[in-house]
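Here is the structure we will look at.
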There are 2 protein chains.
Amino acid sequence: MGSSTENFIQILKNAGVKPSIQRIKIYDFLWNNRTHPTIDSIFQVLVNEIPTLSKTTVYNTMKLFMEHQLVRMVTIDESEVRFDVVTQFHGHFKCEVCGKLMDVEIENPVLVNQAKLDFEVSEAHYYLKGICNECNNN
Amino acid sequence: MGSSTENFIQILKNAGVKPSIQRIKIYDFLWNNRTHPTIDSIFQVLVNEIPTLSKTTVYNTMKLFMEHQLVRMVTIDESEVRFDVVTQFHGHFKCEVCGKLMDVEIENPVLVNQAKLDFEVSEAHYYLKGICNECNNN
DNA sequence: TTACATATTTGTAATTATTATAAATTTGCA
DNA sequence: TGCAAATTTATAATAATTACAAATATGTAA
């Protein structure tokens with residue numbers, strides 16, 4: 001554990017984020033649980049490790065992480081903001097039956113002709129909705 | 001106006017939605033204002049035409065329209081659910097400075113290898129964030 | 001046309017996520 | 001050790017959405 005904690009501290013520092021205990025634990029959790037968690041699920045798990053943890057801190061930390069490109073916000077359904085520690089471009093699939101959200105490997109879509117010139121792009125997001133195989137087979 | 005109202009009634013009927021006055025006016029508004037409006041902006045405009053209009057009706061109607069594939073929900077930023085009357089696949093660009101949301105023509109992205117087999121897709125969404133030319137040039 | 005059952009709309013209250021705020025705590029440094 | 005700045009925390013305020021039940025409108029059978 002010691003060594004990976006060191007790694008997380010370094011990642012935060014490299015991104016320009018001061019590594020407090022809360023921030024390290026939150027980043028650790030995101031790194032090791034690739035479930036695209038919500039604010040609430042992050043809080044529910046970590047309040048066990050840090051009993052004084054406040055949900056406001058989770059909100060503040062995720063906002064800070066986003067500003068420093070450490071995470072990306074995933075908004076597929078209203079009322080369900082999730083976070084992804086993988087910041088490289090990739091797609092998501094959300095099963096409308098079981099609600100699971102999974103990563104999807106896709107080719108980076110190509111803008112058609114003049115559209116490229118009309119703005120400067122900083123982020124691209126792609127997601128699908130449907131029914132996963134597990135839910136289809138029962 | 002009479003003739004386009006007839007068209008809207010027909011579109012709703014074809015989709016299996018009973019055409020009440022509220023539903024027709026809301027669909028009319030969406031069709032003629034391609035600004036990806038929010039619930040609130042739809043309500044603010046239409047309450048002038050239908051003084052008794054309730055925001056609950058707008059919520060109910062948009063939910064019904066979604067269930068009947070008449071509109072698509074566009075969720076880019078948390079706390080800002082928008083709606084799009086164009087249901088064919090296309091992308092969106094959101095300017096992070098002025099907040100404008102515009103359509104983007106893109107090639108439909110391709111799933112890579114095995115991903116296709118893992119689920120049944122019903123909807124695909126693609127969006128970009130960045131800065132539009134107008135905001136860049138001032 | 002009238003009466004009635006059903007669907008739709010409406011207004012209000014309840015719920016929930018998020019943000020604002022200020023006090024308390026922690027941290028790093030002189 | 002003492003102090004200033006940053007961070008965390010708890011509480012209150014805000015705002016979007018949903019639940020719910022009453023009121024209204026609609027369509028149909030007699």
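Naming convention: chains lettered A, B, ... in sequence-line order (proteins, then strands); numbering from 1 in each chain.
Legend: residues meeting salt bridge (Lys or Arg N to Asp or Glu O under 4.0 Å) with D40(A), ordered by chain and number and at least two apart, are K55(A).
Between the CD atom of Q44(B) and the P atom of dA16(D) there is a distance of 10 Å, given to the nearest Å. The interatomic distance linking F43(B) (CZ) with dT18(D) (C1') rounds to 16 Å, in whole Å. Rounded to an integer number of Å, the gap from K13(B) NZ to dG27(D) C1' is 13 Å. Between I42(A) atom CD1 and dT8(D) atom C1' the separation is 17 Å, expressed in whole Å. Counting to the nearest Å, the C1' atom of dT17(D) and the CZ atom of F83(B) are 11 Å from each other.
For the salt bridge (charged side-chain N to carboxylate O under 4.0 Å, His left out) condition, the pairs that include at least one residue of residues 84-94 of chain B, sequence neighbours left out, are D77(B)-K94(B), E80(B)-K94(B).
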Walk me through it: do D28(A) and N32(A) pass the test side chain to side chain donor-acceptor pair (under 3.5 Å)?
-> CA-CA 6 Å; D28(A) 184 333; N32(A) 288 302; 2.6 Å; yes
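Partner of Y127(B) under the side-chain contact (heavy atoms from CB on, under 4.5 Å) criterion, out of I76(B), V74(B), I106(B): I76(B) alone.
Taking OG1 of T38(B) as the start and CZ of F43(B) as the end, the distance is 11.5 Å to the nearest 0.5 Å.
Checked by atom type, the side-chain pair H92(B)/R82(B) shows no donor-acceptor distance below 3.5 Å.
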Base, backbone or nothing for each nucleotide of nucleotides 9-28 of chain C, written B, S, -, heavy atoms under 4.0 angstrom, 5' to 3'?
-> SBBB----SBBB------S-
